Amino acid sequence: MLTPQQKKAVDSDSREILCIAGAGAGKTTVLVERICRLVDEGFSLDNFLVLTFTRAAANNLAAKLETKLADKEYPLLRQALNSMLVGTFHALALRMLMVDGAALGYQTETLTVINPADADLLLTYTCQKLGFKAPTKYGKWKHGLSFRKVAHAREALYNGTLASTDKNISLALKSYQETLYSFNAMDYGSILLQCQKLLTIPEILAKYHSQVKHVLVDELQDTDTMQYNLHDFFSPPANFFAVGDVRQTLYTWRGARPDMFFQKHADAEIIQLPDNFRSGSAIVKAANNLIAHNQEHNCEPMVSRRGDKGSIYVTNDPLNFIRQRLDEGFACEDIAVLARKHEPLEKFEEQLTVAKIPVHRIGKTAQDTGDFLRLHAALRLICNPRDNLATLRLHHDLATKMSYSKIRECAADTGGSHIAAAHALNPTKLSTLLVGEVPTSSNGFEGARPLTPQATVDDCLLTLVDAFQDSQSLLPVAKFWWHHAQGMTFQQAITWYATWDMQDDLTDDNKIQLMTVHAAKGLEFPCVLVLGLDSGEFPSYNTEDGLRDERRVAYVAATRPQELLGLHFQYEPSQFLAELQGDKSWNTNLPLTPNSSHV
């Protein structure tokens, strides 16, 4: 049953609508119900563009939509959902490029996205090639440049905040983008940049305008300038419906523009969704107390509709707090531990492990290791032989005694790819697979199939791993792909990985989950412990803007629990603890003894 405000949001026919959806307001329900209402009026699923912040949110929305439309006997529902434009900004932008990127000169059947580590490697190499950095690993930078300056400018370019900049930095970014293009590749940030270029082509834009009649955006407050520009291509003429809450803005440090929330939609109908169906009344009241200090405009305080009070504990003994919750009957999977940064989570993970309490830390993956980068490079090369950066990553696997300059020279002489040159100069089991030769006994294989972009991870990944000389060290990394890309082809797997986000690392196992507050965006748990609410740590900023941003982070953390909120500090309590308390005197004495104190 929808509340009157939810029903208003579902039924409104305004061309532009902003829903101010507080935490736990049932915004996914509103989005699903609105889509279903419009489907009932004659729109098809391919008339919608639905932009979410995480892949998990997109999958959740699609699953609920499938359940709802199944009852309505929507024809060919599974096929319609698979072709529906629903996903994160980057995932949908990449999908558009895979379909229409030929208009920009891409070979869409082999288009790949490099990982962040290889993007940084290419940026450094580009600056060396231009003479901005000495050509050694620790070579000095010139012209007042540094890697940090150039990388910061690249990030600003991608989030739409790059102003006029140093001519050398402009040259470096231009050369960097041109090199990526020559590899038939992109990095994560350039996905939106290239999609925006794609949509400036009149024929392409006209095609999408004829299809998309309704744009729906989730978490609008964390949208950056480039993302705003993307959905502006569609609306107008399409109707625009967005849900968001400036109080829950987390990504201003990455270019999010909560100030544009109302500025760009000054004429929109504003619908408030203050009801909180997630948390007990004590938790909701504390969160309201905290965020009131930000004096956010046009945001009504949350109202708890859960029907119980909920509990708040303050502690400076987090391990004892966890033990008490387990003794009370909470399962490990019911508990999440959040922190502003990764360091407290790493330390607490060690404590839980020593205590033999099952734990899973989000963000603790093998993705930054050399072994992961090597296997990812090999997968990219199978799908895109022009990805010379992947060959560079595999240099020592392909030609341990040969300088990479020889491979470059050979490729220049033949006009071919670096991987073809490496194989011509020094054929190995690995290069044989990467250039697409048929594995035979004469080149070191017995009964293996050739590896193509359409080979499946389930059937063929082990063949690729075995081609590395240190194959045993790659098996833990291979497990990542077997777990996450089960049933996918190599092409599907690297496309899926291109828009990886931290919530893809969530587990269904019965373990306590540790994650940053940013990784917990949109999630909820029966019990949440917030680590590190110490003065100088959380918040760590003294500026007014910095304090407002960190208060929003604390607010998001405080609104994740359903039943019980734990607040931890070790030394001097953060001002946020007092702000959460408000004018109510909590049943605790500060500084706390090493025992949990119930509020």
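From a predicted model like this one, the values you see are computed outputs, not experimental measurements.
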- request: Using distance alone, with no hydrogens and no angle criterion, decide if Asn159 and Tyr251 have a side-chain donor and acceptor under 3.5 Å apart.
  value: no
task: For side-chain contact (heavy atoms from CB on, under 4.5 Å), just list the numbers for Leu97 and Leu104, CA-CA rounded to whole Å, side-chain angles, deciding distance to a tenth of an Å, and then say yes or no.
output: CA-CA 9 Å; Leu97 287 162; Leu104 296 176; 3.9 Å; yes
message: Tell me if a side-chain donor or acceptor on Glu66 pairs with a main-chain N or O of Arg78 at a distance below 3.5 Å.
response: no
task: For atom CD of Gln486, decide whether the heavy atoms of other residues, nucleotides or ligands shown that lie under 6.0 angstrom number more than 12.
output: no
field: Any donor-acceptor N/O pair, Arg386 side chain to Ser417 backbone, under 3.5 Å
entry: no
query: Is the NZ or CZ atom of Arg154 positioned over Tyr158's six-membered ring, under 6.0 angstrom from the centre and within 45° of the axis?
result: no
query: So does Arg393 pair up with Asp387, basic N to acidic O under 4.0 Å?
result: no
query: Between the side chain of Thr489 and the main-chain N/O of Gln492, is any donor-acceptor distance below 3.5 Å?
result: yes
message: Below 30° counts as parallel, above 60° as perpendicular, anything between as tilted: where do the rings of Trp500 and Trp496 land?
response: perpendicular
message: Restricting to side-chain contact (heavy atoms from CB on, under 4.5 Å), what partner residues turn up for Ala172, sequence neighbours left out?
response: Cys127, Leu130, Phe132, Val150
task: State whether the number of non-hydrogen atoms from other residues, nucleotides or ligands found under 6.0 Å of Lys347 atom NZ is greater than 12.
output: no
query: Under 4.5 Å between any side-chain heavy atoms of Leu514 and His360, yes or no?
result: no
query: Can you tell if the side chain of Ile419 reaches within under 4.5 Å of the side chain of Ile407, non-hydrogen atoms only?
result: no
message: Checking Thr428 against Asp397 for the side-chain contact (heavy atoms from CB on, under 4.5 Å) test, could you report, in this order, the C-alpha distance in whole Å, the side-chain angles of both residues, the deciding distance, and whether it holds?
response: CA-CA 9 Å; Thr428 64; Asp397 293 291; over 6 Å; no
Salt bridge (Lys or Arg N to Asp or Glu O under 4.0 Å) evaluation trace for Asp470 with Arg374: CA-CA 11 Å; Asp470 59 341; Arg374 290 160 58 216; 2.7 Å; yes
query: Any Lys/Arg nitrogen of Glu178 or Lys174 sitting under 4.0 Å from an Asp/Glu carboxylate oxygen of the other?
result: yes
message: Please check if the number of heavy atoms outside Glu343 that lie under 6.0 Å from its CD is greater than 12.
response: yes
message: If we ignore hydrogens and angles and just use 3.5 Å, is the side chain of His568 paired with the main-chain N or O of Gly532 as donor and acceptor?
response: yes
- request: Applying side-chain contact (heavy atoms from CB on, under 4.5 Å), run through His90 and Leu192 and close with a yes or a no.
  value: CA-CA 6 Å; His90 286 83; Leu192 295 186; 3.7 Å; yes
field: CG-CD distance between Leu111 and Gln491, expressed to the nearest 0.5 angstrom
entry: 8.0 Å
- request: Indicate whether any N or O donor in one side chain lies under 3.5 Å from an N or O acceptor in the other, for Tyr404 and His418.
  value: yes
query: If we ignore angles and hydrogens, is there a donor and acceptor under 3.5 Å between the side chains of Thr369 and Asp371?
result: no
message: Counting C-beta onward and ignoring hydrogens, is there a side-chain heavy-atom pair between Ile335 and Phe525 closer than 4.5 Å?
response: no
field: Atom pair OH (Tyr125) and CG (Leu122), whose distance is rounded to the nearest 0.5 Å
entry: 9.0 Å
Asp501 CG to Thr54 OG1 distance, which is reported to the nearest 0.5 Å: 5.5 Å
field: Heavy-atom side-chain proximity of Leu65 to Leu45 below 4.5 angstrom
entry: yes
message: By the definition side-chain hydrogen bond (donor to acceptor under 3.5 Å, both in side chains), identify the one residue from Thr110, Thr112, Asp118 that meets it with Arg380.
response: Asp118
task: State the NZ-CD1 distance between Lys149 and Ile169, to the nearest 0.5 angstrom.
output: 7.0 Å
query: In terms of the angle between their ring planes, are His231 and Phe89 parallel, tilted or perpendicular, with boundaries placed at 30° and 60°?
result: tilted
query: Ring centroid separation for His376 and Tyr497, is it under 6.0 angstrom?
result: yes
- prompt: Is the shortest heavy-atom distance from the side chain of Lys521 to the side chain of Asp222 under 4.5 Å?
  reply: yes
query: What's the spacing between Asn384 CG and Glu109 CD if we round to 0.5 Å?
result: 9.5 Å
query: So do the side chains of Asn47 and Val39 get within less than 4.5 Å of each other, counting heavy atoms only?
result: no
Atom pair CD1 (Ile204) and CG (Asp100), whose distance is rounded to the nearest 0.5 Å: 4.0 Å
message: Would you say that Asn426 contacts Leu398 through its side chain, given a criterion of any heavy-atom pair below 4.5 Å between the two side chains?
response: no
SB check Arg254 Asp224 (cutoff 4.0 Å): no
- prompt: Could you go step by step and tell me if Ile357 and Leu319 meet the side-chain contact (heavy atoms from CB on, under 4.5 Å) rule?
  reply: CA-CA 10 Å; Ile357 297 174; Leu319 184 58; 4.1 Å; yes
Contact check, side chains of Asp187 and Leu123, non-hydrogen atoms, under 4.5 Å: no
field: Check against side chain to side chain donor-acceptor pair (under 3.5 Å), Asp458 and Thr456
entry: CA-CA 5 Å; Asp458 296 0; Thr456 63; 5.8 Å; no
